[in-house]
Amino acid sequence: MSDSTVPAGAAASGPGFADFGRLAHQYIDGRWRTGTGSWDIIDFNPFNGEKLAAITVATVSEVDEAYRAAERAQKPWAAAGPHARRTVLEKALRITEEHTSEIVEAMCEEQGATRSKARHEVEMACEFLREAIRLTVRPEGVIVPASQRSRENRVYRLPVGVVGVISPFNFPFLVALKTVAPALALGNAVVVKPNQNTPVTGGGLIARIFEEAGLPAGLLNVVVTDIAEIGDALIAHPVPRVISFSGSDRVGRHVGAVAASHLKRTVLELSGNSALVVLADADVDYAVDAAVFSRFVYQGQVCTAANRILLDRAVEAEFTEKFTARVRALRTGDPREEETDLGPVISDFQADALSAMVERALAEGATALVRGRTLGNLVEPTVLTGVPADSALLHQEIFGPVVVLVPFDGDDEAVRIANDTPYGLSGAVHTADAERGVNFAHRVETGMIHVNDSTVQDDPQVAFGGEKASGSGRLNGEATVEAFTTQKWISVQHGRSAFPF
């Protein structure tokens, strides 16, 4: 055993399941290890600045070790069959449920998540684990009719092999698990690179769960590192056949370009600029409830959050009055306290960027109906109106507790404004007539849109993904099967073919 390897069992001892000191390591080929890079990633609590852990980064060599371990382990795992895989996933679900309170606590510490957000993330992760359990037996081969009666066409659905996963900071546990669990269920092996801001809740915790569940060594590897150390090694490495990335469209474009140059498949879930639209016949009180959640859940650091709230002029005054009153009442503070609605944003860089964004909009002529303060990483909510149509704020992802109210006259103008963005991830429309809402939804250029609900939705059985600059590919349900399996055609000639030569 090398000096950089944590002794076997070290991660399983100590005061708690989600202890940062034990999980803040690389996890490669079934062993918890210290990276061999020349610098450390410091894991901070974004609320109080407390140092949670220091993790020496993984090098290109360790990325290679992780992928090679995955490659070795994958074929026996696929051959083990769906019922063996299901057993491990069932154990992973039980372990997650048993340790929910500790996982929630870790999320509050590392993500700055409020307790309600953290509990919701764990609950959704469990739902995705349940769906992954079902996925183990879902892929089916088919017999396809042949042009010759004597020929039989068999089409098999097989695992792709190894999947590389790059997860975000905002829902790191959920987003990683909704990729890792189905990929494993379908017979693949996985290498995960969690975001540097959430290396434990987006990486170490997931490795711990599957280690406890009895997943064979090498099938799940976690490398905590940075592009400054490894460049494009995680994407360009010859072993992974699929790269699943969730994050900004700027980084996603690079991931997609590098992967394409190596003929790899990608699933890219990128930035959003969702609109929540309130039509003239909407239930205003309910629309206010949906809008407050859609914008301010996890401090607005959600790709499907409603950046823009579009209001028919018939309801603009009533909605604005009720919405701003609700926003002023939101409590910003320590995310560990149950009464807190908004915790900190992830970093001081993000806090400063949000403040600068609001100042630019005000300089352009916008009006602040609610003007929140920035106190360290605590960013209080801001509600803007009168933002000029050509302002960058209307066309970009905000990723924080800032929202823009935009009035419109009639459905056609609402559709035009909703589509006036390079993104197309999610959306919502509120109306008393559900079919009117569906007709409106069809006209909005987005991968997902919800009638009389929030913009922030996910469902293990329904395809999740965006259009335009919001990404490519889909996850969840049958889309996950498509993402992490491939098809193989085997034909059998029971007679004799006639050849032209």
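From a predicted model like this one, the values you see are computed outputs, not experimental measurements.
- Scanning all heavy atoms of the two residues, the minimum distance from T332 to T340 falls at C-CG2, 4.5 Å.
- Side-chain contact between P240 and V191: absent, with no pair of heavy atoms (C-beta onward) separated by less than 4.5 Å.
- Put simply, the side chain of E397 gets close to the backbone of G272: a donor and an acceptor are under 3.5 Å apart.
- Taking the centre and axis of the six-membered ring of Y298, the NZ or CZ atom of K117 falls inside the cone set by 45° and 6.0 Å.
- Taking the ring-ring contact (aromatic ring centres under 6.0 Å, His included) definition, one finds that Y27 meets it with W32, sequence neighbours left out.
- Taking CG from D43 and CD from E50, the interatomic distance works out to 10.0 Å, rounded to the nearest 0.5 Å.
- Remark: the backbone N or O of E316 is paired with a side-chain donor or acceptor of T320 at under 3.5 angstrom.
- Shortest non-hydrogen contact noted between A236 and H262 is CB-NE2, 3.4 Å.
- Closest heavy-atom contact between Q299 and V345: CB-CG1, 4.3 Å.
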ask   = Are D390 and H395 close enough, and set up right, to give a side-chain hydrogen bond (donor to acceptor under 3.5 Å, both in side chains), and what steps lead you there?
value = CA-CA 8 Å; D390 60 351; H395 306 282; over 6 Å; no

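- Taken from CZ in R436 to OG1 in T431, the straight-line distance is 4.5 Å, to the nearest 0.5 Å.
- Atom CG of N197 and atom CD of Q111 lie 10.5 Å apart (nearest 0.5 Å).
- When all heavy atoms are compared, the tightest approach of F440 to L279 is CE1-CD2, 4.3 Å.
- Inter-residue side-chain proximity for M448 and H450 is flagged as met; some heavy-atom pair is nearer than 4.5 Å.
- A distance of 5.5 Å separates CZ of R295 from CD1 of I398, quoted to the nearest 0.5 Å.
- When the ring-ring contact (aromatic ring centres under 6.0 Å, His included) test is applied to H237, the partners found at least two apart in sequence or on another chain are Y67.
- Looking only at distances, no side-chain donor or acceptor of Q301 sits under 3.5 Å from a matching main-chain atom of N170.
- At a threshold of 4.5 Å between non-hydrogen side-chain atoms, the residues L276 and H430 count as touching.
- Side-chain atoms of T374 and S355 include a donor-acceptor pair closer than 3.5 Å.
- For E467 and R474, the salt-bridge test passes: some basic side-chain N is under 4.0 Å from an acidic carboxylate O.
- Taking the six-membered ring where the residue is Trp, F323 and F296 present parallel rings, their angle staying beneath 30° rather than reaching 60°.
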message = If you apply the rule side-chain hydrogen bond (donor to acceptor under 3.5 Å, both in side chains), what do you find for T198 with E110, and how did you get there?
response = CA-CA 6 Å; T198 50; E110 187 176 58; 5.1 Å; no

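- Remark: R416 does not engage D412 in a salt bridge, criterion side-chain N to carboxylate O under 4.0 Å.
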request  = Go through the steps for T59 and V63 under the test side-chain contact (heavy atoms from CB on, under 4.5 Å), then give the verdict.
outcome  = CA-CA 6 Å; T59 63; V63 169; over 6 Å; no

key: V192/L220 under side-chain contact (heavy atoms from CB on, under 4.5 Å): CA gap, chis, key distance, verdict   = CA-CA 8 Å; V192 178; L220 172 59; 3.9 Å; yes

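- At least one side-chain heavy atom of T96 sits less than 4.5 Å from a side-chain heavy atom of L129.
- The CG atom of N195 sits 7.5 Å away from atom CD1 of I346, with the distance rounded to the nearest 0.5 Å.
- Residues F47 and R336 meet the side-chain proximity criterion, which asks for heavy atoms closer than 4.5 Å.
- One finds no salt bridge joining E269 and K178 here, because no Lys/Arg side-chain nitrogen approaches an Asp/Glu carboxylate oxygen to under 4.0 Å.
- Looking at heavy atoms from C-beta onward, F173 lies out of side-chain contact with V200 at the 4.5 angstrom threshold.
- Residues L186 and P139 have side chains in contact (heavy-atom distance under 4.5 Å, counting atoms from C-beta outward).
- Residues R208 and L23 come closest through the heavy atom pair CB-CD2, 3.8 Å.
- Side chains of D29 and N221: a donor-acceptor N/O pair is absent below 3.5 angstrom, by distance only.
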task = Determine, step by step, whether N188 and V162 satisfy the side-chain contact (heavy atoms from CB on, under 4.5 Å) criterion, reporting the C-alpha distance in whole Å, the side-chain angles of both residues, the deciding distance to 0.1 Å, and the verdict.
result = CA-CA 6 Å; N188 301 287; V162 177; over 6 Å; no

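- Between A92 and A213, the shortest heavy-atom distance links the atoms N-CB, 3.6 Å.
- Looking at R157 and T485, their side chains do bring a donor and an acceptor atom within 3.5 Å of each other.
- For the pair T304 and F464, the minimum side-chain heavy-atom distance is below 4.5 Å.
- Looking at T225, its side chain does come within 3.5 Å of a backbone N or O of A58 through a donor-acceptor pair.
- Salt bridge annotation for R371-E359: present, with a cationic side-chain nitrogen under 4.0 angstrom from a carboxylate oxygen.
- Residues E71 and R68 are paired through a salt bridge, judged by an N-O separation under 4.0 Å between the basic side chain and the carboxylate.
- At distances below 3.5 Å, at least one donor-acceptor pair connects side-chain atoms of Q26 with backbone N or O atoms of V224.
- A salt bridge is absent between D411 and R443: the closest approach of a Lys/Arg side-chain nitrogen to an acidic carboxylate oxygen does not fall below 4.0 angstrom.
- Judged purely by atom type and a 3.5 angstrom limit, T446 uses its side chain to pair as donor or acceptor with the backbone of S426.
- Taking OG1 of T201 as the reference point, atom CZ of F171 lies at 11.5 Å (rounded to 0.5 Å).
- A salt bridge is absent between E482 and R265; no separation between the charged side-chain nitrogens and carboxylate oxygens falls under 4.0 Å.
- Panel note: side chain R308, backbone A418; a donor-acceptor pair is recorded below 3.5 Å.
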In a table with atom names and distances, give each donor-acceptor pair under 3.5 Å that connects a side chain of residues 400-407 to protein atoms at least two apart or in another chain.
none

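- A salt bridge links E478 with R138; the closest basic N to acidic carboxylate O contact falls under 4.0 Å.
- In this structure, N307 contributes its side chain and N273 its backbone to no donor-acceptor pair below 3.5 Å.
- Between the side chain of E380 and the backbone N or O of R373 there is at least one donor-acceptor pair closer than 3.5 Å.
- When each of D453, D459, T455 is tested with Q457 by the rule side-chain hydrogen bond (donor to acceptor under 3.5 Å, both in side chains), just one qualifies, namely D453.
- Using modelled atom types, no side-chain atom of D249 and backbone atom of A469 make a donor-acceptor pair closer than 3.5 Å.
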message = Quick one, L310 with V278, criterion side-chain contact (heavy atoms from CB on, under 4.5 Å). Give me CA distance, side-chain angles, the key distance, then yes/no.
response = CA-CA 6 Å; L310 278 51; V278 184; over 6 Å; no

